[in-house]
Every structure is written in structure tokens, then in C-alpha cells.
Amino acid sequence: MRRCPLSRSISLFRSLPQCRPYSTPRVAHRPTHATRPPSAEAIRTGLALRSRPDPYLLLKPQLDLLKEKLLNLVGSAHPALTDIAEYYFLHPSKQLRPLLILLFARATNGLGTDWDLKKWAAECEGAGGRAEELDSPLSRPDVLNDWNPSMPDHTASFSSVFSLVPPPPPNPPLSPPPRRLASSNHLAMVALDADPLPTQTRLAQIVEMIHVASLLHDDVIDGADLRRGAASAPAAFGNKYAILGGDFLLGRASAALSRLGESEVVELIASVITNLVEGEILQMNKVAQQSAALVGASYVGGDSWNIYLKKTYLKTASLMAKGARAAVVLGGAREGEVWKEVAYAYGRNIGIAFQLVDDVLDYESGEAALGKPGGADLQLGLATGPALYAWEEHPEMGALIARKFEKEGDVELARDLVRRSSGVERTRELAYTYADKALETLQHLPESEARGALEVLTERVVKRTR
Ligand code: FPP
Ligand code: MG
């Protein structure tokens, strides 16, 4: 273990901090000088010619570890709460959101002005960025009272009155390494393809926890019996536990978020939670409300498209966009540098593409895979892309959308109108448009294995069939 070069400035009252590399960065890649991004066509041709790293294989060890360690984060002294909090994590899943965050971390680490600082914090004891430090509470454990059998836990007993505990002497501050000058941007286009920092890995776990919390709540709202082919959490544990399990995950995610030591990231992720709620509310009310005014009118669905796409951003893309942006912040990108904007724009476009494909699959997979009629969303009263396009071609769809397909026979009629329209194909086309934009955005990053994997991931998101 090597000594931290800064240790001479540290008081003798505490043991000298130790530094160790958090991982082994790979050899620097050839810099590229992207000015104007190439067209989507040129990118696709380039993709076909270049070696194509499989995103899941590239990060498989990290993803496996991330999932294993995530279960430690959600342990509780109440076994029922642990069971429900773990439930969806134990099902096989695509881990799309953590993958996106880890890939963005790798594709941008080393580019931001404060990268050296972040790397130092990940390596030097006491700087707050080492993996084990992210598990340590910021407040005294007897104050925090956060019972988790998988984590250090010194909760004060409740069997007696609580006595004031004098605080320990504060640790002297560490001196961080000198900052790189913002103008010395010669490294700016060299991708290190360095492994994600511990803070970025923790962010990927936090984002997955928030996603799962939203699914727990969503399955209560939707009254879903199944998720990924198994009993849904409300079906297995009941609605009350599903809601409380989701709340518990949000609490744990928030505590972990604060330990990342980056208020911009806290702000970004907290705003994702509000976006998820806003998206769900918009889905429940607005599309139908908006449409109510249009009953009997010929197609005037422009506003409905706006609302639908806004809802799609809030419900799905916000977590990907702000999650990717947060990963880049944790890698040391400063305001005014393009990397954060690339992450947000990529995540926003790929997130919308992902949800549009989901909405297509709601029609397609029901018919092809399950032998059931597609359009489960119609049964929930939801008009997604295929129905909105079908409305353009069949004005009678407007009335069905307005009354949320509630009258007997509405769902079957709407399904038939979608089938007799080009709604499904046009929605997939729209997903391609968003994915192309996401691909184009990636061209602002220097070439690296991780960027290649993000390109492959983008293509898979739109081509997926389940
Ligand atoms: C799944 O969508 C659901 C979401 C993407 C978000 C749900 C958000 C909430 C319930 C708001 C509360 C949020 C938190 C963080 C507690 P879907 O129904 O289209 O997909 P599905 O078929 O997988 O259910
Ligand atoms: Mg649902």
C-alpha cells in the first residue's frame, strides 16, 4: 500500500492516511477531435465496421458485484421489510440503468477538470470516496438509528434514557491535490476508459433502488398480479407492504446518496423522484383530460403527443438522463464542460426511445409471445404512441381515448383500430429517431471501449423484442 503524498500535511493525532488505487485504469486511447458529429447513417455504418464490445460482457463483473452488494444496502432489522425490499432485486433483470451509469462513468472518467481530485478521493483514506467509506454513516450511528444487519450498526439501546455523548475531536482536513487548470484542456479528448469510481458504482445501485421503489408503487397503482413472469410484490406481500417497501428503499437510497458527498448529485437524483411521481400523475390524468375536450372532433392530437412525450420523459427517461449526468459529475466534470450535457442528452433520448419500444411491445409481445391480444395499456386506460398514431388515421379513436377505454367493447375496438393503422410501426420509427439522436450525441465523446458499448446498447434498446 502506498503512502498518500499528502500525508505530511496531516496531523499526528490520527494515523496517516493510506492510499491505494481503486482499480487499474486501462491504457489511454487514441484521442479523437470530434467537432461536428457525423450523421446517424454514417454512425451506423461506422458501427457495423468497428469492433463492437458487448455492453453486458464488458461490465459483467461490476454488474454482478453491484447486485450482490446492493442486497447489503437494503437489509433491515425487520425481516418482512428486508424480504420485500429484496424481492425485485432477486428476479432476473436487465440492469439497464446501472449499466448505463457504469458505461457513462467509464466513457467520461478522465475528461472532466476535477478528475484528479475525484480519483484522489477514491484512493486516499479520509477523503470520503473509498468504497468502504461510502458505507460509513455521516452522523453517529446511535443518532442515525438505521438498523441494517449487513452494515456496521451501533444503535443506542432503547431500554434506558439517552445520555448526551460528547462529540469526538474533529479530524484535520486533508489537502486535496492541486486542481488542473480549467484552460489546460489538453487531456480533454483522451478517454482513459478507467473503471467506475466507487461513488459511481454506488450511484448505479442508488438508481436501481429508486427504480425498484417506483416499480413497487407502480404495481400497486396498476393492480398488477405479475411482474417478469412471477407474482408481483403486491400479489406476494399485499399492497401495504409493497408501498412501505418502496418507501423504505427510497430512504435507504437517500442515505446512500448523501454519503456520495456531492450536493449537485443529491439535487439531480432527488428531482428524479419528483419526476417519477409527476410522470405517474400525468399518466393517470392528463392524457385523458386533454382528450376529453376533443370528443367528436377530428384528429387534433398535437397536445396529447406533447403530454405523452413529457410523461414518457418524467416516468422513464428522467432517471436515465439525470443518472448519467450524475455519474459524470461524480467523475469530476465541472459546469461549463460538455460532458454533463452529453450524458443528459444521451440519457434523455435513449430513455424516451426505450419507453416508446416498451409501448410498442405492449401491443406486439401480447399477440406474438403470449398468444393473448396485445394492448394491456388500453386496459389501464392508457393511450400510448400506437393509439395516438391510430387516432390520426381513425378519428373515432378520440372518443375512446377521452373515456379511457372504459365502456364495454372500447378496448377491443381500440385494439382493432391500432391493428388497422400504422401506429405500431410509426411508434417504432419514432423510437429510432430518438435512438439516432442518442447515437449522434455520443460522438461528442472520444472513442473508447465504453463509448462503443454505449453505441451497441443504443441499438439494442430499439431492436429489442421483449
Ligand atoms: C413502470 O411503468 C413504472 C415507472 C417507470 C414509474 C412509476 C412511478 C411511480 C409509481 C411514482 C412513485 C415513484 C417512486 C420513486 C416511489 P409501466 O407501468 O409502463 O411499466 P411496467 O409494465 O413495467 O409496469
Ligand atoms: Mg406498470
Side-chain angles (χ1 to χ4, degrees), residues 74 84-85 87-89 91-97 100 205-235 239-254 256-257 268-287 308-323 347-348 350-366 369-370 372 374-387 427 431 461 464 466:
V74 301
I84 176 120
Y87 187 61
Y88 284 151
F89 294 117
H91 287 184
S93 97
K94 296 191 273 288
Q95 288 186 284
L96 174 65
R97 291 154 190 84
L100 202 148
Q205 292 169 323
I206 291 168
V207 159
E208 193 69 345
M209 284 160 84
I210 293 173
H211 171 58
V212 165
S214 79
L215 295 183
L216 287 168
H217 286 199
D218 183 64
D219 284 345
V220 173
I221 293 171
D222 288 354
D225 292 330
L226 292 174
R227 175 159 294 279
R228 297 181 204 132
S232 72
N239 282 348
K240 289 180 187 175
Y241 272 96
I243 296 284
L244 293 171
D247 294 344
F248 176 75
L249 283 179
L250 289 182
R252 277 286 157 82
S254 306
L257 194 56
L268 280 169
I269 301 301
S271 77
V272 170
I273 298 176
T274 57
N275 288 164
L276 285 165
V277 175
E278 287 164 338
E280 195 66 23
I281 295 281
L282 204 54
Q283 173 165 295
M284 289 197 294
N285 298 327
K286 283 294 183 208
V287 173
Y308 168 62
L309 289 172
K310 184 173 174 194
K311 176 220 72 176
T312 302
Y313 166 74
L314 292 169
K315 201 183 99 168
T316 307
S318 162
L319 187 56
M320 300 188 193
K322 292 178 181 169
R348 182 171 168 138
I350 200 62
I352 292 181
F354 176 87
Q355 187 60 48
L356 289 170
V357 173
D358 231 48
D359 294 344
V360 162
L361 293 177
D362 181 62
Y363 285 87
E364 282 181 346
S365 61
L370 307 174
K372 289 196 299 187
D377 284 339
L378 293 172
Q379 269 147 359
L380 294 170
L382 303 178
T384 59
T427 308
V461 160
R464 76 200 166 98
R466 65 192 171 92

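Atoms within a ligand are numbered from 1 in the order they appear, just like the ligands themselves. If you're wondering where the values come from, they're calculated on a predicted model, not measured in any experiment. One is the number of the first residue; the rest follow in order along the sequence.
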Inset, instruction - May I ask you to say whether R227 pairs ionically with D218, meaning some side-chain N is under 4.0 Å from a carboxylate O? - result: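 Yes, charged N to carboxylate O under 4.0 Å.
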Inset, instruction - May I ask you to decide whether D358 forms a salt bridge with K315, counting only side-chain N to carboxylate O separations under 4.0 Å? - result: no
Inset, instruction - Give a yes or no on whether the backbone of L215 and the side-chain of Y88 come within a donor-acceptor separation of less than 3.5 Å. - result: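 No, the answer is negative, given that no donor and acceptor are paired below the 3.5 Å cut-off.
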Legend entry - Backbone of P386 reached by a side-chain donor or acceptor of Y363 within 3.5 Å: no
Legend entry - Partner of I210 by side chain to side chain contact (heavy atoms under 4.5 Å, CB included), out of V212, I206, V207: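 Only one option passes, and that is I206.
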Inset, instruction - Name all residues meeting the salt bridge (charged side-chain N to carboxylate O under 4.0 Å, His left out) criterion together with R252; count only those two or more places apart in sequence or in a different chain, and write none if there are none. - result: D146
Inset, instruction - Determine whether K310 and E278 make a side-chain contact, defined as any pair of heavy atoms from C-beta on separated by less than 4.5 Å. - result: no
Inset, instruction - Using a 4.5 Å cut-off on heavy atoms from C-beta on, say whether the side chain of K322 contacts that of N275. - result: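 A side-chain contact exists here, since the closest heavy-atom pair is under 4.5 Å.
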Check ligand 1 for N or O atoms under 3.5 Å from a protein N or O and list each pair with its distance.
residue  : atom   : partner : partner atom : Å
ligand 1 : 2 (O)  : K315    : NZ           : 3.3
ligand 1 : 18 (O) : D218    : OD2          : 3.0
ligand 1 : 18 (O) : D222    : OD2          : 3.3
ligand 1 : 19 (O) : K315    : NZ           : 2.6
ligand 1 : 23 (O) : R227    : NH1          : 2.9
ligand 1 : 23 (O) : R227    : NH2          : 3.2
ligand 1 : 24 (O) : D218    : OD2          : 2.9
ligand 1 : 24 (O) : R227    : NH2          : 2.7

Inset, instruction - Scan residues 206-216 for pairs that pass side-chain hydrogen bond (donor to acceptor under 3.5 Å, both in side chains), counting only residues two or more places apart or in two chains. - result: R97-H211
Legend entry - For the Mg ion (ligand 2): protein N/O/S atoms at distances below 2.8 Å: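 Of the protein's nitrogen, oxygen and sulfur atoms, 2 lie under 2.8 Å from the Mg ion (ligand 2).
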